[in-house]
Amino acid sequence: MPPPPHWSDALLAGSYRWLMVAAILMSAGWWYFRNRRDPDLMVVYLGALGGAFLGAKMAYLFAEGWRDWPLPDRWFRLATGKSVLGGLLGGYAGVEGMKWLAGYRKSTGDLFAIIAPLGIAAGRVGCVLQGCCQGRVLTRLRPGAFVDAAALPARWPAAEVEFAFQLIMVAVLMILRAKSLCRGRLFFLYLFVYGLFRFGHEWMRETPVMRGGLSGYQWIALAMAGIGGWMFFRRARRPVEVV
């Protein structure tokens, strides 16, 4: 007998989309109330948002877009595909570009270091409900493996593991911020740690492999970890004023 319907079944068609909208609205609201006395920071946030969307699309096209082209639904796939790795790098580039245009000199990374993993965690909830970003099929059942209602092969719970990772990072970063540790460097610390985590976790995700035996996302993760590590130590030698 099929299992009884779950409360989330009716959300599957649009869950990812609505969770993404909710994450944007929550982050924008938090950013506004936190920084409403400094209008330049809202411009910075818009730069982050625009850069994140552009970066997310470019990263997807690099890592998977080439595989979608021969498929009959390629235009839908290419239009909807995106990557949080590219979103983080694009958002960082958008922030720096907008700050340069506005002549803003203060560091805003510590603020983004908190809202970025929260937004990604919300997105991973959408992945679980939508059934996307799946883990690899396991050859034998392991603790934590997920078997769906149709008794399909067990898969590694990739979205669930990353959801937990993002919440752990939120807690760690909030503690560091409360103790005034790594001031002005929290976002770069997050980029470094998440890049390393994502590089290793990609081995358990079902993503296409490129030349060199690595997926496109692993190459992006390595670049992100490198940028985060380099900027973390560079900022330690050249501290700046923090918002």
Side-chain angles (χ1 to χ4, degrees), residues 11-28 31 45-98 112-113 115-136 155 157-163 165-167 169 187 190-191 194-195 197-199 201-202 204-210 214-225 227-228:
L11 300 176
L12 293 180
S15 59
Y16 190 93
R17 177 174 63 251
W18 288 113
L19 280 166
M20 181 179 68
V21 172
I24 293 173
L25 292 177
M26 285 189 296
S27 64
W31 189 270
Y45 176 81
L46 293 177
L49 193 62
F53 274 104
L54 180 60
K57 176 61 63 179
M58 293 178 63
Y60 176 82
L61 294 177
F62 168 75
E64 293 193 62
W66 51 271
R67 187 181 64 168
D68 293 341
W69 185 252
L71 301 177
D73 61 342
R74 58 180 175 271
W75 295 117
F76 176 78
R77 288 171 172 266
L78 293 173
T80 57
K82 50 193 172 293
S83 164
V84 295
L85 291 174
L88 284 170
L89 291 177
Y92 171 59
V95 166
E96 293 303 313
M98 194 61 71
F112 283 110
I115 62 175
L118 280 175
I120 295 175
R124 290 311 179 196
V125 174
C127 292
V128 174
L129 296 175
Q130 195 82 4
C132 62
C133 303
Q134 293 183 332
R136 289 185 179 275
R155 289 183 179 273
E160 293 89 338
V161 169
E162 183 158 339
F163 172 78
F165 169 83
Q166 299 297 340
L167 292 187
M169 286 303 303
F187 184 71
Y190 173 67
L191 289 183
Y194 182 37
F197 165 81
R198 187 63 183 271
F199 176 82
H201 194 228
E202 276 298 302
M204 301 303 296
R205 284 165 47 95
E206 193 174 73
T207 48
V209 176
M210 306 176 73
L214 302 178
S215 72
Y217 297 120
Q218 284 178 304
W219 289 112
I220 299 173
L222 284 177
M224 187 169 75
I227 292 172

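Only a predicted model underlies this, so the values are computations on that prediction, with no experimental measurement involved.
Note that CG of Leu85 and CD of Gln218 are 10.5 Å apart. Values are rounded to the nearest 0.5 Å. Leu191 contributes atom CG, which lies 8.0 Å from atom OH of Tyr92 (distance to the nearest 0.5 angstrom). Annotation: the span from Arg136 atom CZ to Arg155 atom CZ amounts to 10.0 Å, rounded to 0.5 Å. Interatomic distance, CD1 of Ile120 versus CD of Gln166, reported as 4.5 Å (0.5 Å rounding).
The shortest non-hydrogen separation linking Pro117 to Ala113 is CD-O, 3.0 Å. Taking every heavy atom of both residues into account, Ala158 and Gln134 meet most closely at CB-C, 4.1 Å. Taking each heavy atom of Met210 and Gly216 in turn, the nearest pair found is SD-CA, 3.2 Å. Scanning all heavy atoms of the two residues, the minimum distance from Gly81 to Tyr60 falls at C-CG, 3.5 Å. Of all non-hydrogen atoms in Cys133 and Cys127, the two that sit nearest each other are SG-SG, 3.6 Å. Residues Ala59 and Ile220 come closest through the heavy atom pair CB-CD1, 3.6 Å.
For Glu202, the side chain to side chain donor-acceptor pair (under 3.5 Å) criterion is met by Arg198, Arg205, Thr207, Ser215, not counting sequence neighbours. Under the salt bridge (charged side-chain N to carboxylate O under 4.0 Å, His left out) criterion, Arg67 pairs with Glu64, sequence neighbours left out. Applying the ring-ring contact (aromatic ring centres under 6.0 Å, His included) rule to Tyr194 yields the partners Phe165, Tyr190; only residues at least two apart in sequence or on another chain are considered.
Side-chain contact check for Met224 versus Phe199: every heavy-atom pair is 4.5 Å or farther apart. Within the 4.5 Å cutoff, the side chain of Asp68 has no heavy atoms near those of the Trp75 side chain. Val209 is not listed as a side-chain neighbour of Leu214, based on a closest heavy-atom distance of 4.5 Å or more.
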Can you list the steps and then say if Val128 with Phe163 is a side-chain contact (heavy atoms from CB on, under 4.5 Å)? CA-CA 10 Å; Val128 174; Phe163 172 78; over 6 Å; no

Step by step, work out the salt bridge (charged side-chain N to carboxylate O under 4.0 Å, His left out) result for Glu160 and Arg124. CA-CA 7 Å; Glu160 293 89 338; Arg124 290 311 179 196; over 6 Å; no

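Note: Phe112 and Tyr45 have parallel aromatic rings, judged against thresholds of 30 and 60 degrees for the angle between ring planes.
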